[in-house]
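Here the structure is laid out as structure tokens; the discussion comes afterwards.
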Amino acid sequence: MSNESRLKQISDPTLMQTFSNQLRKEEKIISFVPTMGGLHDGHLSLVEEAKKRGDITIVSIFVNPSQFGENEDYDEYTRDIDGDKEKLNKLGVKVVFTPSVEDIYPKGFQTFVEVTELQNCLCGLYRPGHFKGVATVVLKLFNIVKPHIAVFGEKDFQQLQIIKRMVSDLNVCVEIVGMPIVREEGGLAISSRNMNMSAEERERAQSISKALYMIRDEYENGCKQVEKLIDIGVKILTENYIFNIDYFEIRDSISLELIKEAKPGSLVAVAVRLGETRLVDSLML
Ligand code: AMP
């Protein structure tokens, strides 16, 4: 039997629900990793964690149109379903859920979920409607896949907090697990969008994590004033010719409110545009 035959691909939401209902009847713990595909080591770290936490791990691959703005890269977004399936199979994942856009948003679809306050800062300001699309699709995926546990990356820190809030506010019975950012050797947070950068842009992009680490060092050396810490970070970016900074901020990591004094657990978050590529990174002090 070939390796490939061990991974079951389900595309129909009703079949997925039936399959999950059966697993639940058998008292299996379902762990779930929602993705948009183009799987890399960041995604795979979530899958590894999900495997540890559940009896059966389900990964979804769905490039969600409702979370892309009109001028964003929905059409160009990396799609490599065969490559993704190979990677999941190698990790021993048993089920990949790959619905179509029509499956998720059939004709007449008109119900959306919005986490109203947490979406009003950071990436939410630069990508209007993005988190409404994310919250809606994640809730739909939860209702279809019926997981006990779902694993998300801190790479999208605001998204993780929004999903935790949604799950708590709407009494959704899914445990949300956040996992640390996986980085390339030079420190750049791994992202499907890194491939869109030139070698020179990639080199300059290393300064994003350097700026975050420098802020952490200064903080650990006693500097708590947010304004000063951010100045240090911005200086490193501009020295590397990164001038298009959407935001560079320190916030409370749960409420996402702005703070003046950094403290243990505060979130340092940055988003920049480098050529055509938008890069997001963060760390917790
Ligand atoms: P995406 O396919 O971009 O929607 O990402 C799917 C999941 O993978 C999300 O929970 C992301 O936060 C997570 N993820 C993406 N890149 C990384 C990374 N470098 N390290 C950890 N998690 C990541």
Side-chain angles (χ1 to χ4, degrees), residues 31-53 57-69 72-74 76-81 83-85 87-88 91 93 96-99 101 104 118 122-124 127 130-142 145 147 149-167 174-197 202 205-206 208-209 212 253 267 269-271 277-284:
S31 56
F32 177 44
V33 182
T35 80
M36 297 204 298
L39 300 183
H40 50 61
D41 286 351
H43 297 117
L44 300 183
S45 73
L46 309 186
V47 175
E48 294 280 17
E49 183 64 22
K51 279 184 61 194
K52 284 187 208 147
R53 288 173 179 260
T57 297
I58 300 177
V59 175
S60 66
I61 297 179
F62 178 64
V63 185
N64 174 34
S66 77
Q67 71 186 68
F68 286 79
E72 293 185 351
D73 54 351
Y74 175 71
E76 293 82 42
Y77 198 85
T78 312
R79 289 166 173 85
D80 176 22
I81 187 70
D84 289 347
K85 279 164 66 180
K87 287 173 191 161
L88 294 177
L91 285 186
V93 172
V96 59
F97 176 50
T98 54
V101 172
I104 297 296
L118 290 178
L122 302 171
C123 285
R127 305 187 69 187
H130 170 69
F131 288 115
K132 180 177 166 188
V134 169
T136 303
V137 82
V138 168
L139 186 59
K140 279 187 66 99
L141 289 169
F142 284 177
V145 173
I149 299 156
V151 186
F152 291 84
E154 289 175 356
K155 167 74 173 52
D156 301 282
F157 196 89
Q158 189 175 13
Q159 165 177 287
L160 175 62
Q161 293 311 323
I162 284 177
I163 287 161
K164 282 184 177 167
R165 188 79 247 169
M166 173 187 78
V167 159
V174 179
E175 182 194 343
I176 305 299
V177 175
M179 289 295 291
I181 298 176
V182 178
R183 299 176 179 280
E184 293 178 2
E185 229 171 70
L188 179 64
I190 300 180
S191 158
S192 322
R193 292 183 170 105
N194 291 355
M195 285 189 299
N196 304 335
M197 285 188 284
R202 254 184 125 103
Q206 312 285 3
I208 301 168
S209 56
L212 291 172
S253 59
L267 173 76
V270 56
T277 314
R278 187 168 188 276
L279 298 168
V280 178
D281 203 345
S282 61
L283 63 71
M284 286 217 283

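When a ligand or atom number is given, it counts from 1 through the structure's own listing order. Please read all numbers here as calculations on a predicted model, not as lab measurements.
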When rounded to the nearest 0.5 angstrom, what distance separates [atom1] in [X] from [atom2] in [Y]?
X	Y	atom1	atom2	value
Ile149	Lys52	CD1	NZ	13.0 Å
Leu279	Leu188	CG	CG	6.5 Å
Asp73	Thr78	CG	OG1	8.5 Å
Lys155	Met179	NZ	CE	15.5 Å
Arg127	Arg278	CZ	CZ	6.5 Å
Leu44	Ile190	CG	CD1	9.0 Å

What protein heavy atom is closest to [atom], reported as residue, atom name and distance in Å?
atom	value
atom 21 (C) of ligand 1	Pro180 O, 3.5 Å
atom 16 (N) of ligand 1	His40 CE1, 3.3 Å
atom 10 (O) of ligand 1	Gly153 N, 2.8 Å
atom 12 (O) of ligand 1	Asp156 OD2, 2.6 Å
atom 7 (C) of ligand 1	Leu46 CD1, 3.6 Å
atom 20 (N) of ligand 1	Val182 N, 2.9 Å

With heavy-atom distances below 4.0 Å as the criterion, list the atoms of ligand 1 near [X].
X	result
Phe152	10 (O)
Tyr77	3 (O)
Ile181	20 (N), 21 (C)
Thr35	2 (O), 6 (C)
Ile190	16 (N), 17 (C), 18 (C), 19 (N)
Met36	1 (P), 2 (O), 4 (O)

Hey, does [X] sit under 4.0 Å from ligand 1 if you only count heavy atoms?
X	answer
His43	yes
Glu154	no
Pro34	yes
Phe157	no

Closest heavy-atom pair and its distance - Gly124, Phe131
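What the structure gives for the nearest pair is N-CE1, 3.5 Å.
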So which heavy atom on Ser209 is nearest to which on Gly186, and how close?
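The pair with the smallest heavy-atom distance is OG-O, 4.0 Å.
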I'd like to know if the side chain of Gln159 reaches the main chain of Val134, judged simply by a donor and an acceptor atom lying under 3.5 Å from each other, with no hydrogens or angles considered.
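Not confirmed, Gln159 side chain does not pair with Val134 backbone.
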Okay, side chain of Arg79, backbone of Gly37: is any donor-acceptor separation there less than 3.5 Å?
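Side chain of Arg79 to backbone of Gly37, a donor-acceptor pair under 3.5 Å: no, none is there.
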Would you say Lys155 and ligand 1 have an N/O pair spaced under 3.5 Å apart?
no
Phe157: which of Leu283, Ile162, Leu267 passes side chain to side chain contact (heavy atoms under 4.5 Å, CB included):
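Filter result, single survivor: Leu267.
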